[in-house]
Amino acid sequence: MAVITDKKNINVTTLNKEEKQVSAKSVVYNTKDLNLWYGDDHALKNINLSIYENEVTAIIGPSGCGKSTFIKTLNRMVELIPVVRISGDIRYRESSILEKSYKVEALRTRVGMVFQKPNPFPKSIYDNIAYGPKIHGIKDKKILDEIVERSLRGAAIWDEVKDRLKENAYGLSGGQQQRLCIARCLAIEPDVILMDEPTSALDPISTLKVEELIQDLKKDYSIIIVTHNMQQAARISDKTAFFLNGEVVEFDETDKIFANPNDKRTEDYITGRFG
Ligand SMILES: Nc1ncnc2c1ncn2[C@@H]1O[C@H](COP(=O)(O)OP(=O)(O)OP(=O)(O)O)[C@@H](O)[C@H]1O
Ligand SMILES: [Mg+2]
């Protein structure tokens with residue numbers, strides 16, 4: 001009897017230690033009772049989520065459930081749409097970003113975004129990357145050269161483009177363009193990278209490259225990725241949030257969500273019964 005109790009105690013102690021390690025990670029974003037309306041359409045309903053540093057957080061859910069709206073709220077891009085109304089709180093690194101006094105320009109230099117369709121500028125490969133740093137006042141050619149190389153290496157595309165930096169970015173394949181856009185994002189040295197279905201327009205090989213890249217980037221960045229690809233979410237994310245009709249049905253460790261979800265609706269979605 002005593003042995004069993006001891007064993008139990010040991011297990012509990014171990015668990016607590018692990019839990020402490022998890023909770024010791026810094027929270028990058030925290031949303032509290034976040035609601036968003038497009039006119040009368042209630043698109044986000046009481047979202048309470050924490051996004052942790054150096055993790056990949058996947059956002060999954062059927063079309064129209066609010067995934068893009070949610071990530072566009074995190075960099076305040078969504079408010080460019082005139083009918084949008086937001087309530088609740090979003091904290092980024094402890095600051096309430098929805099407050100009027102918060103400088104949205106500062107947020108945009110800390111939070112980069114990669115879209116579903118690669119959207120390089122109609123400029124050279126070099127200028128695509130140097131554009132952001134130039135806007136931030138960097139003029140020195142040597143420094144810009146360094147940033148361009150570092151960013152392209154960071155996005156695992158340097159070897160493919162190093163001999164054609166002056167060529168137009170439109171000459172790259174779709175998969176290369178998407179990695180170029182990730183490199184463009186890295187050039188501004190962000191803290192967080194938001195990705196909205198970044199591989200949905202790519203072939204399987206390019207998809208794999210971008211997935212490997214995301215795994216690598218989480219050492220230095222916190223990544224939030226919207227995906228319709230369940231295998232992708234399971235492969236590359238640490239945590240997964242399942243959205244449905246503007247609500248977060250379940251948010252947990254990815255392994256838990258895919259192996260043993262708490263909610264029947266999560267199970268139905270990940271097993272392909274709807275969505
Ligand atoms: N600009 C807009 N104006 C009005 N309603 C919008 C706008 N953008 C999105 N919505 C509505 O908000 C809801 C959520 O849309 P959102 O684009 O966030 O979904 P999603 O989960 O990203 O879908 P998908 O998987 O198809 O990309 C939908 O009902 C959509 O019609
Ligand atoms: Mg979307």
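Just follow the structure's listing: the first ligand is 1, and inside any ligand the first atom is 1. Just so you know, these numbers use all the heavy atoms, side chains as well, and skip hydrogens, waters and symmetry mates. Here the structure is a predicted model, which means the values were calculated and not measured.
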Q: Indicate, as side chain, backbone, both or neither, the part of D41 found under 4.0 angstrom from ligand 1 when only non-hydrogen atoms are considered.
A: side chain

Q) Do T57 and Y29 have side-chain atoms, one donor and one acceptor, less than 3.5 Å apart? A) no

Q) Taking the inter-plane angle between the rings of F243 and F70 on a 0 to 90° scale, is it parallel (under 30°), tilted (30 to 60°) or perpendicular (over 60°)? A) tilted

Q) Between L165 and L152, is any pair of side-chain heavy atoms under 4.5 Å apart? A) yes

Q: Please indicate whether F121 has more than 12 foreign heavy atoms, meaning atoms of other residues, nucleotides or ligands, lying under 6.0 Å from its CZ.
A: yes

Q.
Checking the N or O distance criterion of under 3.5 Å, is ligand 1 in contact with C65?
A. yes

Q) What protein heavy atom sits nearest atom 12 (O) of ligand 1, and how far away is it? A) Y38 CE1, 3.2 Å

Q.
Any nitrogen or oxygen of G66 lying under 3.5 Å from a nitrogen or oxygen in ligand 1? Just yes or no.
A. yes

Q | Distance filter under 4.0 Å to A43 heavy atoms, resulting ligand 1 atoms | A | 12 (O)

Q) Does V83, backbone or side chain, put an N or O under 3.5 Å from an N or O of ligand 1? A) no

**Q.** E149 with R153: basic N within carboxylate O range, under 4.0 Å
**A.** yes

Q: Examine the proximity of ligand 1 to S68 and report which part, side chain or backbone, both or neither, has a heavy atom under 4.0 Å away.
A: both

Q.
Between E53 and R93, does any side-chain N to carboxylate O distance fall below 4.0 Å?
A. yes

Q) To the nearest 0.1 Å, how far is atom 13 (C) of ligand 1 from its closest protein heavy atom, and which atom is that? A) G64 O, 3.7 Å

Q | Proximal atoms of ligand 1 relative to T69 (non-hydrogen, under 4.0 Å) | A | 14 (C), 15 (O), 16 (P), 18 (O)

Q. So, D238 versus Y52: side-chain donor-acceptor pair below 3.5 Å or not?
A. no

Q) Which atoms of ligand 1 sit under 4.0 Å from any heavy atom of E197? A) 25 (O), 27 (O)

Q) For residues Q178 and S206, is any side-chain donor paired with an opposing acceptor at under 3.5 Å? A) no

Q. Hey, is the Mg ion (ligand 2) within less than 2.8 Å of some N/O/S atom on S68?
A. yes

Q.
Less than 4.0 angstrom from a charged side-chain N to a carboxylate O is my criterion; do D140 and K142 meet it?
A. no

Q) At under 4.0 Å between heavy atoms, which part of I81 makes contact with ligand 1: side chain, backbone, both or neither? A) side chain

(Q) Any heavy atom of K72 closer to ligand 1 than 4.0 angstrom? (A) no

**Q.** Option set G246, S63, S200, criterion heavy-atom distance to atom 24 (P) of ligand 1, minimum
**A.** S63

